[in-house]
Amino acid sequence: MSLLTLEDVKKHFGAQEVLRGASLTIDPGQKIGIVGRNGGGKTTLFRMIAGEETPDWGSVRVRKKARLGVVPQRPKFAEGETAREYVATGLDELHRTIERYEKCAEEMGTAEGEELERLMSEHDRLGGRIDQLGGWDTERKVETVLGGIGLSETHWDREARLLSGGEKNRVALARELIGGHDLLLLDEPTNHLDLEGIEWLERYLKDLPTGVLIVSHDRRLLTNCIDRIVELERGRLVAYAGNYPKFLQLKAEKFESEQRAWEQQQELLRKEESFIKKHMGSQRTAEAKGRAKKLSHVERLEKPHHDVRRPRIKAPEAARGGERVLHTEHLFGGYEENVLLKDVDIRVGRGERIGIVGPNGAGKSTLMKIIANKLAPLSGEVVRGHGARVAYYDQDTSHLRDDHTPLEEVRRHYPEMTEQEIRNHLAQFLFRGNEVEKVITTLSGGERARLSLSLLVLTSPSWFALDEPTNHLDLASRTSLEEMLGEFQGAIVCISHDREFLDGICNKTIEVSAAGVEEFDGNYSAWRDFKLAERDAAQEAKAKKEAAQRKAAREREEAERRRGGGEKKAKGGSKKKGSGKGPRNPYMFEKLEKKIMELEQELETLNASMASEEVYTNPDRLRDTQYRIVEVEANLESSNEEWLNWETA
């Protein structure tokens, strides 16, 4: 039975028709991505599914007893409640199920006959439900998700109310992720995650057995963990099997097929109508009337809609500068109580495309502001090249005056432009007609981002400093931005959590982390592959070192045992040669030594497998491997103790 069914849903806000006959069916376990233009109704659709809005027409049906998971936009925390405790409340049903499972097992000990059969059936059902909700180790599950979303371990036991806005949203996301819902509704879940957190979320959602309905502009996420794309266009939903690249292919094929069918029908109608007009009232009137009657029953095909609206962003002409845009010397940055950047030396050359990556809070934006001359360093120097002129994009668009209109804002910065020139320019960024006179405080995040970009390209910089330029942009606008940056001849330094954007634009990566600032030649994927290989090599080396240490310790202990046995034999000179008994039961002793060697080999293999992508990208397999390592280590410890205490003659 379907989890969710939307049938002919319509919704109006005043005169605006947001949904006009939207229909959708979601089956258990499906991973569905919803795409569409900003302001097209995606959030309204989510609110109706969650029961926060009601349709004007049509129906929204959720399967009886199905559990929906919705991340609150403004999560509320109890006084004194820690982040760990809040996330654990997502496991309330699991805790209740485990409690009933254990109670059921206790009752089975005294039950008989039909009562026993009933309890056994309930026990099996509850066991299956526990597995479905995520298993037995609830504490480990909470910690795994908190770590995965990038919340520092030092914050887990802090009062949740005192966390930053982004941290609160991540905690709210974590609670829903572990909740064991039948359908999880996620609206832009990557907004507050860093790149490592986004990749963890991808793997988690891919392995999640439950259904997921997700709105996202992250193309890599829609490619890696989604098996069906639903497009919301002109108030209707159209489903495409496959991930995002497959959706683009199928949509193009669908449009071409429908356009061809429409053109063929239009040609047929034109010919028939021409014949009818020509022969009506002639000797062939009867034939013309027959054709007219037949034509009246033909179902007219609607002309296929192909929404080509997107910003037309023309790259500004790059100012001519020197070979070096800038370099830093022993740069320290941050705040007096929180120094984020220490002794940083980087270089930006003419025409370079650099992506800055790293965990949230590591200092990426601080570094960007310092090199863009928006923030003074604590010490050190930024040496700028000849003719270097920067155009800076700030992700919070705080430079826009909220009491202005887009028209007034452009005029404020460029008073020499005529009103018509400003209107023409803003039209390229989809501000048309009366939209140029809307007050900026009423604009959506995407509209503010487009207005900021419209101001950015009116400059003539030698380089761009872009802090999260794709935030709030829909997929069409992101494509336009990427095309503009591809044409720009100057240098680009950007911070972004959009991996597709970083791979397409950048040829160099700067990593900002607690360990410092490092430069890498290559785009994001090349840098990521390098870091994974580096981590794998480090883990493998650590596993080999630990195995060698254990082996050396065992050999030392064996040598000491043999030396002690020799001393005993020397003291017992009155005994006849060969009277020493040696180890009790030599066969069992040899078997014990063989067992120890096998356990050591298995432990080395398990530790090495932890660095394997097949293991660390699969939460269930990773957990099983970790459990097995604990078991083998305990077994090895007891076996070594038995070996050391083996009696000798």
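What you are looking at is a predicted structure, and each value in this text was computed from that prediction instead of being measured.
- For Glu17 and Arg234, the salt-bridge test fails: no basic side-chain N is under 4.0 Å from an acidic carboxylate O.
- Counting only distance, with no hydrogens or angles, the side chain of Lys31 and the backbone of Leu208 share a donor-acceptor pair below 3.5 Å.
- A donor-acceptor pair under 3.5 Å links the side-chain atoms of Thr479 to the main chain of Leu475, judged by distance alone.
- Side chain of Thr190 to main chain of Leu193: no donor-acceptor pair is present (N/O by atom type, distance under 3.5 Å, no hydrogens or angles).
- How far CG of Leu201 is from CG of Leu173: 6.0 Å, rounded to the nearest 0.5 Å.
- Separation of atoms CD1 (Ile505) and CG (Leu502) is listed at 9.0 Å; rounding is to 0.5 Å.
- A donor and an acceptor atom, one from each side chain of Asn243 and Thr223, are nowhere located under 3.5 Å apart.
- Side-chain atoms of Arg448 and Thr397 form a donor-acceptor pair, as typed in the model, at a separation below 3.5 Å.
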Test log, rule side chain to side chain donor-acceptor pair (under 3.5 Å), inputs Asp182 and Thr210: CA-CA 5 Å; Asp182 297 299; Thr210 55; over 6 Å; no

Show the numbers, then the answer: is there a salt bridge (charged side-chain N to carboxylate O under 4.0 Å, His left out) between Glu519 and Arg347? CA-CA 9 Å; Glu519 295 178 279; Arg347 178 187 182 280; over 6 Å; no

Given salt bridge (charged side-chain N to carboxylate O under 4.0 Å, His left out), test Arg220 with Asp498 step by step and report yes or no. CA-CA 8 Å; Arg220 198 68 62 88; Asp498 187 330; over 6 Å; no

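- Here Ser454 contributes atom OG and Leu426 contributes atom CG; the two are 5.0 Å apart, rounded to the nearest 0.5 Å.
- Between Glu202 and Arg499 there is a salt bridge, since a side-chain N of the basic residue sits under 4.0 Å from a carboxylate O of the acidic one.
- Judged by distance alone, with hydrogens and angles left aside, the side-chain atoms of Asn471 form no donor-acceptor pair with the main-chain N or O of Gln395 at under 3.5 Å.
- With salt bridges taken as basic N to acidic carboxylate O contacts below 4.0 Å, one links Glu199 and Arg528.
- Using a 3.5 Å distance cut-off with no hydrogens or angles, the side chains of Gln428 and Asn424 do not pair a donor with an acceptor.
- Salt bridge status for Glu52 with Arg47: present, with a side-chain N to carboxylate O gap under 4.0 Å.
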Determine, step by step, whether Tyr524 and Trp527 satisfy the ring-ring contact (aromatic ring centres under 6.0 Å, His included) criterion, reporting the C-alpha distance in whole Å, the side-chain angles of both residues, the deciding distance to 0.1 Å, and the verdict. CA-CA 5 Å; Tyr524 171 78; Trp527 168 79; 5.7 Å; yes

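- Val325 and Ala388 get closest at one heavy-atom pair: O-CB, 3.6 Å.
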Stepwise salt bridge (charged side-chain N to carboxylate O under 4.0 Å, His left out) test for Asp467 and Lys364: CA-CA 9 Å; Asp467 190 355; Lys364 301 187 297 294; over 6 Å; no

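- When each of Leu146, Asp194, Ile149, Leu163 is tested with Arg170 by the rule side-chain contact (heavy atoms from CB on, under 4.5 Å), just one qualifies, namely Ile149.
- Of the inter-residue distances, the one linking Leu184 atom CG with Leu213 atom CG reads 9.5 Å to the nearest 0.5 angstrom.
- No hydrogens or angles considered: nothing links the side chains of Asp8 and Ser23 as a donor-acceptor pair under 3.5 Å.
- Separating the CZ atom in Phe247 from the CD atom in Gln249 is a distance of 12.0 Å, to the nearest 0.5 Å.
- Not a single donor-acceptor pair under 3.5 Å links the side chain of Asn523 to the backbone N or O of Cys506.
- Between Lys438 and Glu447, at least one side-chain N (NZ, or NE/NH1/NH2) sits under 4.0 Å from a carboxylate O, which counts as a salt bridge.
- Within the model, atoms CD of Glu317 and OG1 of Thr459 stand 11.5 Å from one another, a figure rounded to the nearest 0.5 Å.
- Of the charged side-chain nitrogens involved, none lies within less than 4.0 Å of a carboxylate oxygen, so that Arg401 and Glu409 do not count as a salt-bridged pair.
- In summary, the aromatic rings of His425 and Phe429 are positioned with their centroids under 6.0 Å apart.
- In this structure, Tyr393 has its ring center at least 6.0 angstrom away from the ring center of Phe464.
- A donor-acceptor distance shorter than 3.5 angstrom exists from the side chain of Arg478 to the backbone of Leu473, with no hydrogens or angles considered.
- Using a 3.5 Å distance cut-off with no hydrogens or angles, the side chains of Glu167 and Ser164 do pair a donor with an acceptor.
- Remark: the backbone N or O of Asn434 is not paired with any side-chain donor or acceptor of Glu437 at under 3.5 angstrom.
- Minimum heavy-atom separation, Asn38 to His217: OD1-CE1, 3.1 Å.
- For the pair Arg353 (side chain) and Leu485 (backbone), a donor-acceptor distance under 3.5 Å is present.
- Between the side chain of Arg384 and the backbone N or O of Ile371, at least one donor-acceptor pair lies under 3.5 Å.
- A donor-acceptor pair under 3.5 Å is formed between the side chain of Thr509 and the backbone N or O of Gly522.
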Going through the distances and angles, do Lys314 and Glu487 end up as a salt bridge (charged side-chain N to carboxylate O under 4.0 Å, His left out)? CA-CA 8 Å; Lys314 183 179 179 182; Glu487 295 170 0; over 6 Å; no

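- Asp218 and Ser216 are not linked by any side-chain donor-acceptor pair at a separation below 3.5 angstrom, with hydrogens and angles left out of the test.
- Using a 4.0 Å cut-off between a side-chain N of Lys or Arg and a carboxylate O of Asp or Glu, Lys369 and Asp394 do not qualify as a salt bridge.
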